[in-house]
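First comes the structure, then the notes that go with it.
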Amino acid sequence: MRIATWNVNSLKVRLPQVLDWIAKQHPDVLCLQETKLEDGKFPGEDVSRAGYRAIFSGQKTYNGVAILSREACSEVLTAVPHFEDGQKRVLAATVCGIRMICVYVPNGEHVESEKYRYKLEWLAALTAWLERELKHYPRLAVAGDFNIAPEARDVHDPKVWDGQVLFSAPERDAFRKLIALGLVDAFRLFDQPEKSFTWWDYRLNAFRRKMGLRIDHILLSPQLAALCSACAIDAAPRAAERPSDHAPVMADLAV
DNA sequence: ATGGTAGAAACTCTA
(Lines give C-alpha, C1' and ligand atoms only; values in the text may rest on other atoms or scores of the structure.)
Protein backbone atom coordinates (compact mmCIF):
# COMPACT_ATOMS: atom_id res chain seq x y z
CA MET A 1 0.00 0.00 0.00
CA ARG A 2 1.32 3.41 -0.98
CA ILE A 3 0.31 6.55 0.88
CA ALA A 4 1.28 10.05 -0.20
CA THR A 5 0.87 13.74 0.55
CA TRP A 6 1.08 16.84 -1.65
CA ASN A 7 0.42 20.50 -1.06
CA VAL A 8 -0.94 21.40 -4.50
CA ASN A 9 -1.46 25.16 -3.97
CA SER A 10 -4.83 25.28 -5.77
CA LEU A 11 -6.36 21.99 -6.91
CA LYS A 12 -8.12 23.88 -9.71
CA VAL A 13 -4.80 24.83 -11.28
CA ARG A 14 -2.97 21.62 -10.39
CA LEU A 15 -5.65 19.02 -11.22
CA PRO A 16 -3.98 17.88 -14.48
CA GLN A 17 -0.68 17.45 -12.64
CA VAL A 18 -2.36 15.53 -9.82
CA LEU A 19 -4.03 13.18 -12.33
CA ASP A 20 -0.71 12.69 -14.13
CA TRP A 21 1.04 11.99 -10.86
CA ILE A 22 -1.41 9.40 -9.58
CA ALA A 23 -1.27 7.65 -12.98
CA LYS A 24 2.51 7.48 -12.64
CA GLN A 25 2.92 6.65 -8.93
CA HIS A 26 -0.41 4.90 -8.18
CA PRO A 27 -0.81 5.91 -4.55
CA ASP A 28 -3.59 4.05 -2.73
CA VAL A 29 -4.17 7.14 -0.60
CA LEU A 30 -3.21 10.72 -1.46
CA CYS A 31 -3.61 13.55 1.02
CA LEU A 32 -3.87 17.01 -0.55
CA GLN A 33 -3.45 20.42 1.04
CA GLU A 34 -4.23 23.96 -0.10
CA THR A 35 -6.98 22.84 -2.43
CA LYS A 36 -8.41 26.40 -2.18
CA LEU A 37 -11.80 25.09 -3.27
CA GLU A 38 -15.25 25.25 -1.78
CA ASP A 39 -16.70 21.74 -1.46
CA GLY A 40 -19.21 22.46 -4.20
CA LYS A 41 -16.37 23.06 -6.65
CA PHE A 42 -14.39 19.92 -5.89
CA PRO A 43 -13.56 18.07 -9.15
CA GLY A 44 -15.18 14.83 -8.02
CA GLU A 45 -15.92 13.52 -11.51
CA ASP A 46 -12.33 13.89 -12.73
CA VAL A 47 -11.08 12.10 -9.63
CA SER A 48 -13.68 9.37 -10.06
CA ARG A 49 -12.69 8.84 -13.71
CA ALA A 50 -9.12 8.32 -12.51
CA GLY A 51 -10.35 5.48 -10.30
CA TYR A 52 -10.30 7.28 -6.96
CA ARG A 53 -12.83 8.23 -4.36
CA ALA A 54 -12.51 11.56 -2.61
CA ILE A 55 -13.40 13.21 0.64
CA PHE A 56 -12.73 16.90 1.13
CA SER A 57 -13.08 19.84 3.45
CA GLY A 58 -12.48 23.11 1.72
CA GLN A 59 -13.13 26.82 1.67
CA LYS A 60 -12.83 29.65 -0.82
CA THR A 61 -9.36 31.12 -1.53
CA TYR A 62 -7.37 29.63 1.35
CA ASN A 63 -6.51 26.27 2.96
CA GLY A 64 -8.61 23.21 2.16
CA VAL A 65 -7.72 19.51 2.46
CA ALA A 66 -8.76 16.35 0.64
CA ILE A 67 -8.06 12.63 0.67
CA LEU A 68 -8.15 10.63 -2.56
CA SER A 69 -8.29 6.87 -2.09
CA ARG A 70 -8.79 3.68 -4.06
CA GLU A 71 -10.94 2.21 -1.29
CA ALA A 72 -13.76 3.82 0.65
CA CYS A 73 -13.14 6.05 3.65
CA SER A 74 -15.09 5.79 6.89
CA GLU A 75 -15.16 7.57 10.27
CA VAL A 76 -14.51 10.93 8.61
CA LEU A 77 -13.63 13.98 10.71
CA THR A 78 -13.11 17.48 9.29
CA ALA A 79 -11.66 19.23 12.31
CA VAL A 80 -9.60 18.70 15.44
CA PRO A 81 -12.24 17.89 18.06
CA HIS A 82 -12.73 20.53 20.77
CA PHE A 83 -10.63 23.12 18.90
CA GLU A 84 -12.37 26.16 17.46
CA ASP A 85 -10.95 26.81 14.02
CA GLY A 86 -12.61 28.53 11.09
CA GLN A 87 -9.87 27.30 8.75
CA LYS A 88 -10.15 24.00 6.91
CA ARG A 89 -6.88 22.28 7.74
CA VAL A 90 -7.66 18.75 8.92
CA LEU A 91 -9.28 15.69 7.42
CA ALA A 92 -9.23 12.29 9.13
CA ALA A 93 -10.59 9.01 7.80
CA THR A 94 -10.18 5.29 8.18
CA VAL A 95 -9.22 3.53 4.95
CA CYS A 96 -8.12 -0.10 4.62
CA GLY A 97 -7.78 -0.33 8.40
CA ILE A 98 -5.44 2.65 8.56
CA ARG A 99 -6.32 5.87 10.32
CA MET A 100 -5.21 8.57 7.85
CA ILE A 101 -4.92 12.11 9.09
CA CYS A 102 -4.33 14.81 6.49
CA VAL A 103 -3.01 18.07 7.95
CA TYR A 104 -2.26 21.53 6.67
CA VAL A 105 -0.44 23.16 9.58
CA PRO A 106 -0.65 27.00 9.65
CA ASN A 107 2.32 28.74 8.01
CA GLY A 108 2.86 31.23 10.84
CA GLU A 109 3.97 34.12 8.60
CA HIS A 110 6.81 35.27 10.89
CA VAL A 111 7.69 34.63 14.53
CA GLU A 112 6.24 37.94 15.80
CA SER A 113 2.95 37.38 13.98
CA GLU A 114 -0.42 36.59 15.50
CA LYS A 115 -0.49 33.80 12.90
CA TYR A 116 2.60 32.30 14.54
CA ARG A 117 0.80 32.14 17.90
CA TYR A 118 -2.13 30.50 16.14
CA LYS A 119 0.27 27.99 14.57
CA LEU A 120 1.67 26.95 17.96
CA GLU A 121 -1.80 26.71 19.51
CA TRP A 122 -2.98 24.71 16.53
CA LEU A 123 -0.05 22.29 16.90
CA ALA A 124 -0.74 21.87 20.63
CA ALA A 125 -4.37 20.99 19.89
CA LEU A 126 -3.32 18.58 17.14
CA THR A 127 -0.84 16.87 19.46
CA ALA A 128 -3.37 16.45 22.28
CA TRP A 129 -5.89 14.99 19.84
CA LEU A 130 -3.37 12.62 18.21
CA GLU A 131 -2.40 11.28 21.61
CA ARG A 132 -6.01 10.13 22.05
CA GLU A 133 -6.34 9.01 18.45
CA LEU A 134 -3.26 6.77 18.73
CA LYS A 135 -4.90 4.87 21.59
CA HIS A 136 -7.87 4.01 19.36
CA TYR A 137 -5.97 3.37 16.13
CA PRO A 138 -2.67 1.48 16.38
CA ARG A 139 -2.30 1.82 12.59
CA LEU A 140 -2.21 5.58 12.15
CA ALA A 141 -0.50 7.92 9.68
CA VAL A 142 -0.34 11.72 9.77
CA ALA A 143 0.52 13.14 6.37
CA GLY A 144 0.67 16.70 5.22
CA ASP A 145 2.28 20.09 5.09
CA PHE A 146 3.60 20.65 8.62
CA ASN A 147 5.28 23.95 7.74
CA ILE A 148 8.17 22.87 10.00
CA ALA A 149 11.66 21.75 9.03
CA PRO A 150 12.57 19.46 11.95
CA GLU A 151 16.37 19.45 11.72
CA ALA A 152 19.29 21.43 10.29
CA ARG A 153 19.71 18.90 7.48
CA ASP A 154 16.13 19.68 6.40
CA VAL A 155 17.10 23.29 5.56
CA HIS A 156 19.35 24.41 2.70
CA ASP A 157 21.06 27.01 4.88
CA PRO A 158 20.41 26.52 8.62
CA LYS A 159 22.32 29.68 9.54
CA VAL A 160 20.07 31.85 7.39
CA TRP A 161 16.95 30.08 8.67
CA ASP A 162 17.94 30.02 12.35
CA GLY A 163 15.07 31.54 14.34
CA GLN A 164 12.95 32.12 11.23
CA VAL A 165 9.42 30.84 10.82
CA LEU A 166 9.38 27.20 9.58
CA PHE A 167 12.63 26.54 11.49
CA SER A 168 12.28 28.38 14.83
CA ALA A 169 12.94 26.55 18.10
CA PRO A 170 9.30 26.59 19.32
CA GLU A 171 8.08 25.11 16.04
CA ARG A 172 10.74 22.39 16.07
CA ASP A 173 9.89 21.71 19.70
CA ALA A 174 6.23 21.30 18.71
CA PHE A 175 7.32 18.81 16.04
CA ARG A 176 9.40 16.91 18.61
CA LYS A 177 6.29 16.65 20.81
CA LEU A 178 4.53 14.89 17.94
CA ILE A 179 7.46 12.51 17.64
CA ALA A 180 7.35 11.99 21.43
CA LEU A 181 3.86 10.51 21.01
CA GLY A 182 5.62 7.61 19.31
CA LEU A 183 5.15 8.87 15.76
CA VAL A 184 8.00 8.13 13.37
CA ASP A 185 9.17 10.38 10.51
CA ALA A 186 8.91 7.84 7.68
CA PHE A 187 11.45 9.70 5.54
CA ARG A 188 14.19 9.21 8.13
CA LEU A 189 13.66 5.47 8.39
CA PHE A 190 15.83 5.18 5.27
CA ASP A 191 19.06 6.54 3.81
CA GLN A 192 18.21 9.64 1.82
CA PRO A 193 20.03 11.96 -0.57
CA GLU A 194 21.65 15.13 0.77
CA LYS A 195 19.55 18.25 0.32
CA SER A 196 16.24 16.43 0.30
CA PHE A 197 13.53 19.09 0.37
CA THR A 198 9.78 19.28 -0.27
CA TRP A 199 9.24 23.02 -0.65
CA TRP A 200 11.05 25.72 -2.60
CA ASP A 201 9.91 29.35 -2.61
CA TYR A 202 8.57 30.54 -5.96
CA ARG A 203 10.80 33.56 -5.60
CA LEU A 204 14.51 33.93 -6.28
CA ASN A 205 14.70 30.80 -8.42
CA ALA A 206 14.84 28.80 -5.20
CA PHE A 207 14.23 25.43 -6.84
CA ARG A 208 16.96 25.82 -9.45
CA ARG A 209 19.33 26.98 -6.72
CA LYS A 210 18.39 24.03 -4.47
CA MET A 211 17.21 26.46 -1.76
CA GLY A 212 14.53 24.31 -0.21
CA LEU A 213 13.14 23.06 3.08
CA ARG A 214 11.73 19.67 4.06
CA ILE A 215 8.42 20.70 5.63
CA ASP A 216 6.02 18.05 4.27
CA HIS A 217 6.03 14.83 6.23
CA ILE A 218 4.50 11.41 6.71
CA LEU A 219 4.47 10.39 10.37
CA LEU A 220 3.67 6.78 11.24
CA SER A 221 2.53 5.05 14.40
CA PRO A 222 5.03 2.44 15.63
CA GLN A 223 2.98 -0.41 14.19
CA LEU A 224 2.90 1.21 10.75
CA ALA A 225 6.55 2.26 10.93
CA ALA A 226 7.43 -1.42 11.33
CA LEU A 227 5.61 -2.10 8.06
CA CYS A 228 7.15 0.77 6.10
CA SER A 229 9.45 -0.39 3.28
CA ALA A 230 10.25 2.93 1.57
CA CYS A 231 9.72 6.67 1.72
CA ALA A 232 10.69 9.22 -0.92
CA ILE A 233 10.17 12.75 -2.15
CA ASP A 234 9.29 13.05 -5.83
CA ALA A 235 10.77 16.39 -6.86
CA ALA A 236 9.83 15.93 -10.54
CA PRO A 237 6.49 17.81 -10.31
CA ARG A 238 8.30 20.83 -8.88
CA ALA A 239 10.26 21.09 -12.14
CA ALA A 240 7.11 21.04 -14.27
CA GLU A 241 5.50 24.01 -16.01
CA ARG A 242 3.37 26.01 -13.58
CA PRO A 243 4.23 23.84 -10.57
CA SER A 244 3.06 23.83 -6.99
CA ASP A 245 5.78 25.17 -4.72
CA HIS A 246 5.69 21.78 -2.91
CA ALA A 247 6.73 18.30 -4.06
CA PRO A 248 4.82 15.14 -3.11
CA VAL A 249 6.09 12.68 -0.50
CA MET A 250 5.15 9.00 -0.56
CA ALA A 251 5.62 5.99 1.69
CA ASP A 252 5.14 2.29 0.99
CA LEU A 253 3.60 0.09 3.66
CA ALA A 254 3.48 -3.72 3.72
CA VAL A 255 -0.25 -3.68 4.42
C1' DA B 1 19.99 44.44 -1.76
C1' DT B 2 15.06 43.96 3.05
C1' DG B 3 13.92 42.36 -3.04
C1' DG B 4 11.29 38.35 -5.43
C1' DT B 5 6.56 34.82 -7.46
C1' DA B 6 2.17 32.53 -7.48
C1' DG B 7 -2.85 31.95 -6.58
C1' DA B 8 -7.39 33.81 -5.77
C1' DA B 9 -9.69 37.65 -5.87
C1' DA B 10 -10.53 42.24 -6.79
C1' DC B 11 -7.19 47.23 -6.22
C1' DT B 12 -4.80 42.97 -1.22
C1' DC B 13 -3.92 38.89 1.39
C1' DT B 14 -1.48 34.63 2.10
C1' DA B 15 2.25 31.72 1.50
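Note on naming: letters A, B, ... go to the chains in the order of the sequence lines (proteins, then strands), and numbering restarts at 1 for each one. Every heavy atom of this structure was used, including side-chain atoms; hydrogens, water molecules and symmetry mates were not.
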Could you check A:Asp145, A:Thr35, A:Val65 and say which one makes a side chain to side chain contact (heavy atoms under 4.5 Å, CB included) with A:Asn7?
A:Asp145
Distance col, row A:Ile179:CD1 vs A:His217:NE2, nearest 0.5 angstrom, shows 8.5 Å
So which nucleotide from B:dG7, B:dA15, B:dA9 ends up closest to the side chain of A:Val13?
B:dG7
Does B:dG7 have its OP1 or OP2 closer than 4.0 Å to a side-chain nitrogen or oxygen of A:Lys12?
no
Charged N-O contact under 4.0 Å between A:Arg172 and A:Asp154:
no
Using the side-chain heavy atoms of A:Leu204, tell me which of these nucleotides is nearest: B:dG4, B:dA9, B:dA15.
B:dG4
Checking all strands, does A:Arg208 fall into the base, sugar-phosphate, or nothing category for heavy-atom contacts under 4.0 angstrom?
nothing
Report the distance from atom CD of A:Glu114 to atom P of B:dA15, rounded to the nearest whole Å.
13 Å
Which residue lies more 5' along DNA chain B, comparing A:Asn63 with A:Lys36 via nearest heavy atoms:
A:Lys36
Between B:dA15 (C1') and A:Arg238 (CZ): distance, integer Å
13 Å
Distance, rounded to the nearest Å, where A:Tyr202 contributes OH and B:dG4 contributes C1'
14 Å
Could you tell me whether the phosphate oxygens of B:dA15, OP1 or OP2, come under 4.0 Å of any side-chain nitrogen or oxygen in A:Arg89?
yes
A:Arg242 side chain near B:dT5 phosphate (N/O to OP1/OP2, under 4.0 Å):
no
Would you measure the distance from the C1' atom in B:dC11 across to the matching atom in B:dG7 and give it in whole Å?
16 Å
Nearest-nucleotide 5' precedence on DNA chain B, A:Asp201 against A:Thr35:
A:Asp201
With heavy atoms under 4.0 Å as the rule, sort A:Tyr104 into base, sugar-phosphate or nothing.
sugar-phosphate
If you measure from the Lys or Arg side-chain nitrogens to the Asp or Glu carboxylate oxygens, is any gap between A:Arg49 and A:Asp46 under 4.0 Å?
yes
What is the distance, to the nearest angstrom, from the CZ atom on A:Phe167 to the P atom on B:dA15?
21 Å
For the pair made of CG in A:Asn7 and P in B:dG7, what is the distance, rounded to whole Å?
12 Å
Quick one: A:Asp245 CG to B:dA8 P, roughly how many Å, whole number?
12 Å
Pairwise C1' distance for B:dA9 and B:dA15, with rounding to whole Å
15 Å
Are A:Asp252 and A:Arg2 ion-paired here, with the side-chain N under 4.0 Å from a carboxylate O?
yes
May I have the distance from A:Arg203 (atom CZ) to B:dA15 (atom P), rounded to whole angstrom?
12 Å
When the distance from CD of A:Gln164 to C1' of B:dA15 is rounded to whole Å, what number comes out?
15 Å
Taking only the C1' atom of each, what is the distance from B:dT12 to B:dA1 in whole angstrom?
25 Å
